[in-house]
Structures are given as structure tokens and as C-alpha cells.
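Read the numbers this way: they start at 1 and go in the same order the structure lists the ligands and their atoms. Hydrogens, waters and symmetry mates are skipped; everything else that's a heavy atom, side chains included, is used. Because the structure is predicted, anything quoted here is derived from the model rather than measured.
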Amino acid sequence: MESQQSHNHNQLHVIFLPFPSPGHMIPMIDTARLFAKHRVNVTIIATHANASTFQKTIDNDFNSGYSIKTKLIRFPSAQLGLPDGVENLKDGTNSEILGKISHGISMLQDPIEGLFQDLQPDCVVTDMMYAWTAEAAAKLGVPRIHYYSSSYFSNCAYHFIMKYRPHDNLVSDTHKFTIPGFPHTIQMTPLQLPDWLREKNPATAYFEPMFKSEEISYGTLYNSFHELESDYEKLSKTTIGIKSWSVGPVSAWANKDDEKKANRGQIEELGKESAELLNWLNSKQNESVLYVSFGSLAMLAHAQLVEIAHGLENSGHNFIWVVRKNNRDEGENSFLQDFEKRMKESNKGYIIWNWAPQLLILDHPATGGIVTHCGWNSILESLNSGLPMITWPMFAEQFYNEKLLVDVLKIGVPVGAKENKSWNSISVEAVVKREEIVKAVKILMGSGQESKEMRIRAKKLGDAAKRSIEEGGDSYNNLIQLIDELKSLKKSKALGEKAD
Ligand code: UDP
């Protein structure tokens, strides 16, 4: 058989352009790998430090015979006065650094457009955050596929709330409105919307074009699956009128063995720490451990960390808690270190600093639930493991995702988060108290009827997720159909050029 690596002229060539934050990059890299596994010639464009988080996996795929490679571009660190390797939103630990990183990302537009021209792909799949790529693709005469890294539900909510602005005439930010146009009655408060949507501010001028760019793209790719949110898939396709494909859960599809699960999304090997963690999990009863993670970006106030620590301890349940080090004052470090020591002694809790092998933890039989900030990737990964959730949304579209989990799918216990704040603005006012945390943990991890029913529903969805990525499943078929469609477009374009 001919090696896939020596790609030929007739092979479909697709460029993937991920946005540098883990929640955007991880699913896009998995999706790019799935395209390559279905005999597409794939090029991923990334800067050096970002590429180093996934290059090993890409090399493995390449060495297994798939036509996939990374095209590196230089991040303008020196020009911006940033240290080497600071190229990802998660490195934006204060607003000055974050501002520079964001500026650096916008400076990449010209070099990336240049690469599009050089590489002459047949299609570009670009993150939702790169609105400008819709026009860049049009200039090249190839389809741009908008990669939306969250739920259909949330994209539909954005669409209808932007269109009808149901929150505009309320007397206060804590009064409820109903999302217009939805098949379910979903109520929210203006405070749960991102600030740029609540009222116009400088960020509005960034986000609105993002949604507009979707409308002029060829279609939208979702890391979702049909049985999870079919009503909203339909709403998006028919009422809103955007062509789309669900091809998820891509993490489960692309990472079928444990080694890849441990390595995903970070540079260092997890070897020793993973082994210690697995030993700890192995010592616990099935479904007895709660996994607590707020994703890759969220920054929590010290007062909030204290409430979480006490809430988890007071709940009496086993837990794993991922805590991001934030170089704040000594007081915080010593509080957390004392807490970690106490948890080691009681053997009730396990602290992971900075980055957890999330897929490994979620897949372990001892894990029985998750506290999640409602980042879409974490939701899908938990669902794939059949786990119910405690929902604790913080920023962006996460409050919509909470509604999907709690009101529509009925697999989530809300902790009672009230306010949507930018992920890097640490909110001291909106602290969720330990009593509320204990209450939610007891409902989810206890043996009551509510928990049992949620568990059954989550498992059913987990089974549906697995079926959807098997040969003949919905996501599987969607991916094949999309690739076939892109191949026919390539063919007709070539015929058109010949005729000219
Ligand atoms: N993640 C991980 N380990 C961590 C934190 C995050 O593997 O300690 C992964 C997680 O599995 C998910 C992604 O990073 O794939 C986070 O994306 P999500 O949409 O959940 O949240 P975000 O980080 O974008 O807020």
C-alpha cells in the first residue's frame, strides 16, 4: 500500500488552525488527527510552544503512516517583551501579560495568510476566534469551516439572545428572562451572560464579528454528538440556517489508549505522578471519588479556594482537586499546603497541582462524579465516562452549558453560581460558600434517588457517545460525509479550472 505520508496531488489537503488556549486547541488537534486517520492530508499551523504540547502525538500518527504534520510559525515574543514560550492564553496570569499574548495572536494574521497562500489547501478548518479566516478562505477560493468549540445549545443561545436581546428591558441584573426561540423553557439572569453581551463594551466589537464570520463560512464543525443535543442541532440547521456537522466526542475517538490520555495537552511526562495517582484511585471504591476541576484558565480568589477546601472536606466524600498555582502571597500557599497534608493523612483527598491527566481520572472506575466549570470539553469527557456533574459555571458560554446539563439533560446539580466574570478577573464578591458546596456534593455523591437517576441518565448518554464514534454511528458518518463533500468540492473546482 502506498504510504500516506507521501501525499499525492489528488489527496484532499486540509489546514487546521487552532486557537492557543487548551480548551480550543485540544479538541481541534483531536479533530485534525481524525481527518488524517480518514486519509486526508492534514497540516496544523501552530507556534512553537503550543505545538510542543501535541507534537509527540502528531509524530506518532505520522510514523504510523498518516499524512499529518505541523507547520510552525514564530510567536512575536521578543517584539512584545514576553518571555520565550509564553504563547497561550493560559500563560496570561495577569492582564498585562494576557494583553500582550492577545496582541501577539492578532499579529500572526499576516504570516498565517501567507502560509495559506503557500500551501494552497483545499479547505481550512479554523477556530471560531479567527473571524478573519472566513475572508482569507474566500480569497483563496476554498471553504472555511468554522470550528465552534462548545455546544449547539450555547451557540443557539448566543444567536437568539443577540438577536432579540430579551435581557435589555429587565429592571435588574438578577431578574430572569426566557431564552427566545428555544424548544425548552430556559431561564437565565442577565448576570449570567458574558459582560460584552449584557451591555456593549470594547469586547463586543471582538465577539460580534466572530458570530458574523460563522454566517459567511461554509459550515460549522461541532465536538458534539446527535443524541446529546439533537433539538439544538436541528434548531441551528433549520431556524438559524447554518450547515453543520457533529463529530464528537473527539477526545474519546482520537485517544483510545491510556498513554495518549496521560500525555495529552502538556509537555512533561506524567509518568511517576500518574502512577501515584492511579494507586490512590485503585485504593478507592467504585464511584466514590469526586473529581474537581475548573479547566485550564479559570482563576479563583483565595477566599473561594478556602471555601472549596472546607466544602470538600466537610462533605466527607473522597475527592481529587486540581489546583492551579498562581504565585500569589505566601498565605495562600501555606493554607493549601496544610490542607494537602491534612488530606494525605486522612486519605480523603488528593490535590493535583496545575495540570491533571483528566481523561485517565474520568475513565477510572473509582471516579463517580465531577465538579465542573462547564467548559464544553470537560462536559463531553465526563459524559463519555458516563458521569453526572456538579455544575459551577464561571465565564463565557458556561452558564448556557449549565442549563443544558441541569434543565434539559437532567444530569447536573447546580452549585448556585450567579455571575459570569471574565476568566482572569478574580471575583471576591461572587464566592460560593462551603455550605452550598457540601449540599451539592451530598446530592451528587450520596445514595439518594436523585443521584441514582442522574447516574443512569449520564451512563445512557455515555453509551450513546461511544456508539456515535463507532463505524456507522452518527458522528462517524458525519465525518465521512463531510470529507466526501470536501472531496467533491475539490473535484468540481479542478474541473472548473480545467474548463476555464
Ligand atoms: N485539562 C486537562 N487537565 C487539566 C485541566 C484541563 O487535561 O488539569 C483539559 C480538559 O480535559 C479539557 C481542556 O483541558 O480537554 C479544558 O477545556 P474545557 O472546555 O473543559 O475548559 P477551558 O479550559 O477551556 O475553560
Test of understanding: given a 4.0 Å heavy-atom threshold, classify the contact between [X] and ligand 1 as side chain, backbone, both, or neither.
| X | result |
| --- | --- |
| W355 | both |
| E381 | side chain |
| W353 | neither |
| V322 | side chain |

Proximal ligand 1 atoms for [X], defined as those under 4.0 Å from one of its heavy atoms:
| X | answer |
| --- | --- |
| A356 | 2 (C), 3 (N), 4 (C), 7 (O), 8 (O) |
| G23 | 17 (O), 24 (O) |
| W376 | 19 (O) |

Determine whether any heavy atom of H373 lies closer than 4.0 Å to an atom of ligand 1. yes
Quick one: does F395 get a heavy atom under 4.0 Å from ligand 1? yes
NE2/H103: more than 12 non-hydrogen atoms of other groups inside 6.0 Å: no
Look at the side chain of H184 and the backbone N and O of I186, then say whether any donor-acceptor pair between them is shorter than 3.5 Å. no
Under the criterion side chain to side chain contact (heavy atoms under 4.5 Å, CB included), I'd like the reasoning laid out for H302 against F335: C-alpha separation, chi angles, the key distance, then a yes or no. CA-CA 10 Å; H302 177 65; F335 169 80; 4.2 Å; yes
Nitrogen or oxygen atoms of S293 and ligand 1 under 3.5 Å apart: no
salt_bridge([X], [Y]) N-O dist < 4.0 Å:
| X | Y | answer |
| --- | --- | --- |
| E307 | K433 | no |
| D30 | R33 | yes |
| E233 | K237 | yes |

Do Y476 and H38 have ring centres separated by under 6.0 Å? yes
